[in-house]
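Predicted, not measured: the structure shown is a model, and the values here were computed from it.
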Amino acid sequence: MEKLLCIILMVCCVTIGAQEIVKPNLAPVKVVTNQYYGLTLEDPYQYMEDLSNPEVLTWMKENANYASSVLNSISGKKVLFDKMMELINRRSASINNVHITKSNVYYYIKRMPGEDIGKMYKRNGYEGEETLFFDPLKYKADAKETYTIASINPNLLGDKIAVTVSPNGSENPEVLIFKENGEKFNEILYLTRGISWLKSGNEFYYNKLNSADVTDMNRKLFTKVYIHKIDTEQEADDLFFSSELYPDFNIDAKEIPIVSYSEESNLDVLNFVTVDNSLALFYKDAQSDSSVKWKVLAQRSDHVVNVEGDKENIYFLTYKDASNYKILKASIKAPSFANAKTIVTESESEMIIDFKVTKDGLYYAVMKNGVEANVYFLPKNKTVPKKLQLPFTAGQVGLESKNSESSEIWISISGWTSPGKRFLYNLATNTFTHQQLSTPVEYPELDNLIAKEVMVKSHDGVMVPVSIIHNKSIEMDGQNPTVIYSYGAYGNSSSPFFSPITLAYTLYNGVLVVPHVRGGGELGEAWHRGGKKETKPNTWKDGIATAEYLIKEGYTNPSKLSIFGASAGGIFVGRTITERPDLFVAGAPMVGAMNTVRMEETPNGPVNTPEFGTVKDPAEFKGLLEMDSYHHLQPNTKYPAMLITAGINDPRVIAWQPAKFAAKMQADNTSDNPILFLTNFEGGHGGGTKLTDAINEFSGLFAFFYWQSGHPDFQLSKSVKD
């Protein structure tokens, strides 16, 4: 379930009762032109970029009302909603965001059946008695917003805890600070992220957003790092890092400075964060003033993606000269990457995805073809790692340690048809002890499911891993409702995850397909580079090849095949549909990046240029135009049915990107298929929402797909008119 919320809950929701409602008029066309390197681009809906325009807001609200009415009028949606909720609520307690302090105190978020959002709990040790620590429903209880817990950050001793909450999925964080007995300090910190406690345990570093307005172009530019002292107001916080304090860095406006304190080395570590997965890291003595120069820990050209340490060494995970990654080690006395030596070499077939340092050595997780996970252990000061024999075959592995001075290591494993289980590994006895935090649950429905992994030849001959999950009794007669889901960006992998929501989809004989397309990280950094900037077309062409494979092999046909994806996955969906509308009956880009040529005109656009490119570079502009779904819509085209979503508070993909795409598709479409546009006027980019809202959205999404594929249990009532 946790993985589902990370990968799929990128959606928005408006709950409106079914009613008779007439389809809204098309949005007015107001053509403007933009010039790019001698090319003139017409933009008929650029006026929609003003989200304060009453005309734009009225059109968006009318479309949201109509879309909600249509979805709520599909027979079977309520049954599907109830089934999803029943599957989720079989688990009497769902736990995530676990933090274990040095004194073995557990802090975590838990949701019980019937609860819409999780609450924060505490227990002393795994066997300790559980107590409620913080209920976000009681924070600003009279406010209209719904607050959810975004993060938990105990200090090094565990006697003070910073808890971040945010309203309505807006990602405008508010930080509350508690004593270990639950007593809250008076101050509230706003727009605060990247918290790192100092050694004293009475102050922490944080980065601060410039504005709460998600349309403010300066919201994320030239942000600063401050030090907060407990029991003082935020206005009194000292500035610790900014471009003005350290002009020699020549920091780019889009780089986000984050400062972390490393207890093991007693160093401050500075990271300039962008979407580039190669880190730019610097260090100096802890809490030294601005007169002390920062030293280079790792340059972006070193392609370091993760750093861990103990009292003796610093460890680096890098893809420099190693597409499948390797691990290096440097002495704490000379911690720079330039001094590091390789201790885990690159594998030809397995990609290193994570590692943890304990007092006994190094544990690292690997992935093969994006779907087969394993764990290795390298003893301290040894050169030969050993492979752990996991309790069952894993599609996904998570590593969790207490700290580098402890032997404790927890390994969580799951798969497409395997609910996640958490094990404490004992190195001395080479045994796994099941230490589930969430309550165990049984899904007999899994007995009827199979998950197979196939390799599909793409347009250029490259073989793409594809996961296919379905009821084992289906016939290969080309008549099965089938849905493709993928993401394909930032080097993120769509690793096998278990979800009651997707399980509910397969109960209606639907086939769930996840192509591990280029742009993701399933086959290493080379796979990522094969689907970014100018090579981005491989992302959706891999999806098209998957669709053609499914049809050829008898899984489905174009009248029963749907496709969806979220955020950057909107590029995958939008360009697959615009290039091959004949292959699909329905599609759903959710809070999707649909107008990439104009992305830099949004607050979150500049930080994304390392992944997608910039219009300031001629070659990268061509790449942005090629991946721009909005500009690839063609008049007088028969498009499949579409469910397009946006969040008015979305700080990542501004709402006008999907709005413009929806407006133009509605105008260009000549088929009778509905082009629905659903804006959440109380939410953002997805996640941080009520469980019932999320389930309502997914039951609507899958009901929409089933309706369009002609499933008899999902038909539209006559209350909705064209």
Side-chain angles (χ1 to χ4, degrees), residues 2-3 6 96-102 104 106-108 126 152-154 156 158 196 260-265 269 271 277 279 281 298 304-319 324-330 332 335 340 342-345 347 350-367 373-391 394 396-414 420-433 435 437 493 495 521:
E2 291 81 1
K3 182 65 175 180
C6 293
N96 59 56
N97 211 330
V98 179
H99 292 265
I100 307 173
T101 69
K102 281 188 172 183
N104 205 36
Y106 284 58
Y107 294 100
Y108 50 89
Y126 177 73
I152 298 170
N153 290 279
L156 299 174
S196 179
S260 303
Y261 170 69
S262 169
E263 180 188 17
E264 292 83 3
S265 61
V269 178
N271 183 12
N277 55 10
L279 304 178
L281 301 169
V304 171
V305 300
N306 193 9
V307 178
E308 293 251 351
D310 56 27
K311 291 186 178 300
E312 299 173 350
N313 301 293
I314 297 288
Y315 300 84
F316 302 90
L317 179 62
T318 176
Y319 62 85
N324 282 344
Y325 296 85
K326 59 186 177 182
I327 301 175
L328 289 76
K329 179 178 73 173
I332 204 74
T342 300
I343 59 171
V344 178
T345 59
S347 167
E350 295 178 322
M351 179 183 68
I352 303 173
I353 57 174
D354 192 16
F355 74 96
K356 293 294 180 184
V357 180
T358 71
K359 77 172 187 178
D360 305 307
L362 185 76
Y363 291 86
Y364 62 97
V366 301
M367 182 71 72
N374 280 293
V375 177
Y376 291 84
F377 172 66
L378 179 64
K380 207 165 204 176
N381 301 319
K382 301 295 183 181
T383 59
V384 180
K386 76 167 185 175
K387 183 177 180 179
L388 304 188
Q389 188 63 46
L390 299 178
Q396 182 181 165
V397 164
L399 302 177
E400 175 191 358
S401 63
K402 184 184 292 186
N403 53 64
S404 64
E405 299 174 4
S406 169
S407 292
E408 290 173 292
I409 184 83
W410 290 268
I411 299 175
S412 298
I413 57 181
S414 62
K421 292 186 176 180
R422 177 179 181 265
F423 297 90
L424 175 66
Y425 177 67
N426 187 309
L427 177 63
T429 60
N430 191 29
T431 56
F432 290 84
T433 302
Q435 282 197 352
L437 289 170
S493 299
S495 304

**Request:** Determine, stepwise, if the pair L156 / Y261 fulfils side-chain contact (heavy atoms from CB on, under 4.5 Å).
**Result:** CA-CA 10 Å; L156 299 174; Y261 170 69; 3.8 Å; yes
Could you state the interatomic distance from [atom1] ([X]) to [atom2] ([Y]), rounded to the nearest 0.5 Å?
X: F432; Y: N426; atom1: CZ; atom2: CG; value: 10.0 Å
X: T318; Y: Y325; atom1: OG1; atom2: OH; value: 8.5 Å
X: Y108; Y: N97; atom1: OH; atom2: CG; value: 12.5 Å
X: E264; Y: D310; atom1: CD; atom2: CG; value: 7.0 Å
X: M367; Y: Q396; atom1: CE; atom2: CD; value: 6.5 Å
X: L424; Y: E400; atom1: CG; atom2: CD; value: 10.0 Å

Heavy-atom check, side chain of [X] versus side chain of [Y], under 4.5 Å:
X: I327; Y: T342; result: no
X: Y315; Y: I343; result: yes
X: L390; Y: F423; result: no
X: Y376; Y: I352; result: no

**Prompt:** Hey, is NZ on K421 packed in by over 12 heavy atoms from elsewhere, all under 6.0 Å?
**Reply:**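 Result for NZ/K421: open.
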**Asked** Crowded around K382 NZ? As in, over 12 foreign heavy atoms under 6.0 Å?
**Response** no
**Request:** Begin with the C-alpha distance, continue with both residues' side-chain angles, and end with the deciding distance and a verdict on side-chain contact (heavy atoms from CB on, under 4.5 Å) for L378 and K329.
**Result:** CA-CA 12 Å; L378 179 64; K329 179 178 73 173; over 6 Å; no
Between [X] and [Y], which heavy-atom pair has the shortest distance, and what is it?
X: S414; Y: G420; result: CB-CA, 3.6 Å
X: F355; Y: L399; result: CA-CD1, 4.1 Å
X: V384; Y: P379; result: O-CD, 3.9 Å

**Request:** With sequence neighbours excluded, tell me which residues meet side-chain contact (heavy atoms from CB on, under 4.5 Å) with K102.
**Result:**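 side-chain contact (heavy atoms from CB on, under 4.5 Å) list for K102, sorted by chain: E263, N403, E405.
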**Item:** K356 bridged to E308 by N-O distance under 4.0 Å
**Value:**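 Salt bridge present between K356 and E308.
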**Request:** Applying side-chain contact (heavy atoms from CB on, under 4.5 Å), run through I332 and N313 and close with a yes or a no.
**Result:** CA-CA 5 Å; I332 204 74; N313 301 293; 6.0 Å; no
**Asked** Are Y363 and L427 close enough, and set up right, to give a side-chain contact (heavy atoms from CB on, under 4.5 Å), and what steps lead you there?
**Response** CA-CA 11 Å; Y363 291 86; L427 177 63; 3.8 Å; yes
**Message:** Which residue in the set V307, L281, L328, V357 passes side-chain contact (heavy atoms from CB on, under 4.5 Å) when paired with I314?
**Reply:** V307
**Request:** Scan side-chain atoms only and decide if N324 and Y319 contain a donor-acceptor pair under the 3.5 Å cut-off.
**Result:** no
